[in-house]
There are 2 protein chains.
Amino acid sequence: MENVTIRMLAERLQLSTATISKALNNSHEISEETRQRVLALAAELNYVPNPYASSLRKKASNTIAVVIPEVADSFFAEAINGIEAVAQEKGYHVLIYLSHENSQKEQTILKDFQSGRVDGVLISVTTETTATGLEQLVRDKPVVFFDRVCEEVKAAKITTDDATAAYRATTHLIAGGCRRIGLLSASRQLSISNKRAEGFQQALLDHQLPLLPNAITYCYNESAANYQLLKTAFLENDYDGIIATTEKLSTAVYEVCEALQWRIPEDLQVIGFSNLSTARFLNPSLTTITQPAFEMGKAAATLLFRALKSNNFPLQQQQEVIPSSLIARNSTLAKDK
Amino acid sequence: MENVTIRMLAERLQLSTATISKALNNSHEISEETRQRVLALAAELNYVPNPYASSLRKKASNTIAVVIPEVADSFFAEAINGIEAVAQEKGYHVLIYLSHENSQKEQTILKDFQSGRVDGVLISVTTETTATGLEQLVRDKPVVFFDRVCEEVKAAKITTDDATAAYRATTHLIAGGCRRIGLLSASRQLSISNKRAEGFQQALLDHQLPLLPNAITYCYNESAANYQLLKTAFLENDYDGIIATTEKLSTAVYEVCEALQWRIPEDLQVIGFSNLSTARFLNPSLTTITQPAFEMGKAAATLLFRALKSNNFPLQQQQEVIPSSLIARNSTLAKDK
DNA sequence: TTTATTTACTTAACCGATTAAGTAACATAG
DNA sequence: CTATGTTACTTAATCGGTTAAGTAAATAAA
């Protein structure tokens, strides 16, 4: 069975393809009667328009790209959910690209976007990303950064209150009696990592606590390597409190404590930036900084679609900070909020 | 700056567009010298081919679709990982569609595939799915079902050993002393749900245990509703062992036990079909049936690409069962494997 | 030497939609 | 009664590649 095209509809109805196209697109140039005839035949023959023909001509694909470091992370999974909810509603398609925390791969992905394959991009950069290639992308088409943004690039950004969250986390640990607090960071480059580090340091300062020489541990993207790194760091620094700034690192802390036979929270209080739905069922339940992942995805997508709809929307100036929340559980001792 | 097209390259080099196209596609018809000149200019002008022009002409999009009920589930997240790994390697693009456990939405998604937007489809159906629309899809283009397959449709399928896994889970509970075992099922229609139920019943039979009248609880897709449902079911049936056949349901059990103040495993032993990386850190650590999610995704994608490469590959006859594994932890008492 | 084949191209049709520009028929305004 | 508009179409160009078919020149085979 041949694919049904606009031309076939035209022939059957003794009309031009232009008329069919306009009828299907509800053009006012077409009489109601003709429109109905076209719609009827289209339905009867199960006509489905070829998106590529349309994209080629219109130079618009009704497709957006989502570039993230990984999917197996509650934050990104939930963010995709938020993005997809908006995209589905707007009739857009979502291409997912995983950079696997590899800026090389990310570059390759960004390069592909110069092809016009997608109308817009939502991106959360890798831990290694520098601005290279991103300015180009932002110049070329609508882009919204979310969570892991690139500070140097002037573009729309949806973030959470990273510095404040880290400040709050640190204060929470201090309130629980911690004096030797460590921070596990995913990256030296990432602005959200740096902001979290700043909030951390500011909190120590405000509470007259010294910054340990090895207060901040920069981790890898590989769990086996991190395991060794953390084990050593824990033993050398004798932390009494730790802030894990990513979900994976939160779990790693539990793993290392198990191995070292450090009790949580008696020996080490732990707070993790995590969206794990099971945080409350962990042993002990994990005090978290929970990010509004779904909302951030939704906000990012909403912003993007606004830009896609009206091209005079000043997308690059948009900034939105959605607050995270600290949920105190049993891995920390402070009783405050 | 205008977009660089093949035509522009042709004009600059005083060649025809056909030559350019062939040179870029490494056709043997083009001399090495010309090929190099074309490649050099293409690189210089940063030429990026328009995928839609190419897709339109070649009737191939180098894009596959992944249709899943949700992303916020370790199994699906990991499966995407596996799929993406293969797709990236093969130079394909991945469109993600979420059916949100809604067969209506799924239908809409499937309908879109008739447009030729994607060259192949990887799908894990909703809990409500009937065969409608799926046969059509399978007839139209390469499709591989994974995990949640549709039994009635003759098509390539990647599954795990559902019946065996449930049998093993049940036996494990029995070995731990359970006599009143319940099974939480996600669906009455899903073949994987039914297979798990079968394995469960067979194990009871083989161990001379009666099947409780309310042994199987069919759950909703909504956690608040499930919470109530399970609470009631637990109280009414006084289970001493429970098998949660999905990740979400596993967590729900912990929630309900907390509310009912039932201790795990003393009052209720729990085993869950789950790929949560935090299973071992739960309180108590959760005995799981862990599915090879990444591998299943990879296997499904590999199968699909084999079919996309050679069109005489008998895709519809492919069946692969990848074994799951039972990982005994503290939510159950049996000490076996 | 003539014919066949190979090499390295070009020409032009084509994929299936969209859309600027054109037109015939009819209505309305001046 | 002519000018102007409006309605409901059609014609043909276009988006940017790919590819079947054609060709001229060089090379090999008969």
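Below, chains carry the letters A, B, ... as their sequence lines are ordered, and counting in each starts from 1. Nothing here was measured: the structure is a model prediction, and the numbers come from that model.
With the end axes of the helix from C/dT1-D/dA30 to C/dG30-D/dC1 each set by five pairs, the angle from one to the other reads 40° at 10° resolution.
OP1 and OP2 of D/dT14 both lie 4.0 Å or more from every side-chain N or O belonging to A/K59.
Between A/E295 and A/K298 there is no salt bridge, since none of the side-chain N atoms of the basic residue sits less than 4.0 Å from a carboxylate O of the acidic one.
Under the rule for a ring pair (Phe, Tyr, Trp, His ring centres under 6.0 Å), the partners of B/F305 that lie at least two apart in sequence or sit in another chain are B/Y92.
Below 30°, between 30° and 60°, or above 60°: for B/H93 and A/Y97 the angle between ring planes is above 60°, a perpendicular geometry.
With the nearest nucleotide of DNA chain C identified for both B/R35 and B/L56, B/R35 has the one nearer the 5' end.
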* To do: Using a 4.0 Å cut-off on protein heavy atoms (strictly under), produce a 5'-to-3' string for nucleotides 17-22 of chain C with B for base contact, S for backbone-only sugar-phosphate contact, and - for none.
  => BBBBB-
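The main-chain N or O of B/T132 is found under 3.5 Å from a side-chain atom of B/Q107 such that the two form a donor-acceptor pair. Checking side-chain atoms of A/N25 against main-chain N and O of A/S27 turns up no donor-acceptor pair under 3.5 Å. Put simply, the side chain of A/S61 gets close to the backbone of A/R117: a donor and an acceptor are under 3.5 Å apart. Checking side-chain atoms of B/T126 against main-chain N and O of B/T129 turns up a donor-acceptor pair under 3.5 Å.
Residue B/L13 contributes atom CG, which lies 15 Å from atom C1' of C/dT10 at whole-angstrom precision. The distance from atom CZ of A/R117 to atom P of D/dG17 is 13 Å, rounded to the nearest whole Å. Atom CG in B/L15 sits about 17 Å away from atom C1' in D/dT18, given to the nearest Å. C/dC15 atom P lies 12 Å from atom CG of A/N3, rounded to whole Å. Here D/dT18 presents its P atom at 12 Å from CG of B/L9, a figure rounded to the nearest Å. Between the P atom of C/dC14 and the OH atom of B/Y52 lies a distance of 26 Å, rounded to the nearest Å. Summarising the geometry, the separation between CD on B/E32 and P on C/dC9 is reported as 11 Å, rounded to the nearest angstrom. Atom NE2 of A/H28 and atom C1' of D/dC9 are 12 Å apart (whole Å).
Using a 4.0 Å heavy-atom cutoff across all strands shown, B/S55 reaches no nucleic acid atom at all. Nucleic acid contact for A/I20: none, since no nucleic acid atom lies under 4.0 Å from a heavy atom of the residue. Among the atoms of the strands shown, base atoms are found under 4.0 Å from some heavy atom of B/S16.
When each of B/E128, B/E106, B/E101 is paired with B/R148, the salt bridge (charged side-chain N to carboxylate O under 4.0 Å, His left out) condition holds for B/E101 and for no other. Test B/L304, B/T302, B/I64 against B/V86 for side-chain contact (heavy atoms from CB on, under 4.5 Å) and you get one pass: B/T302.
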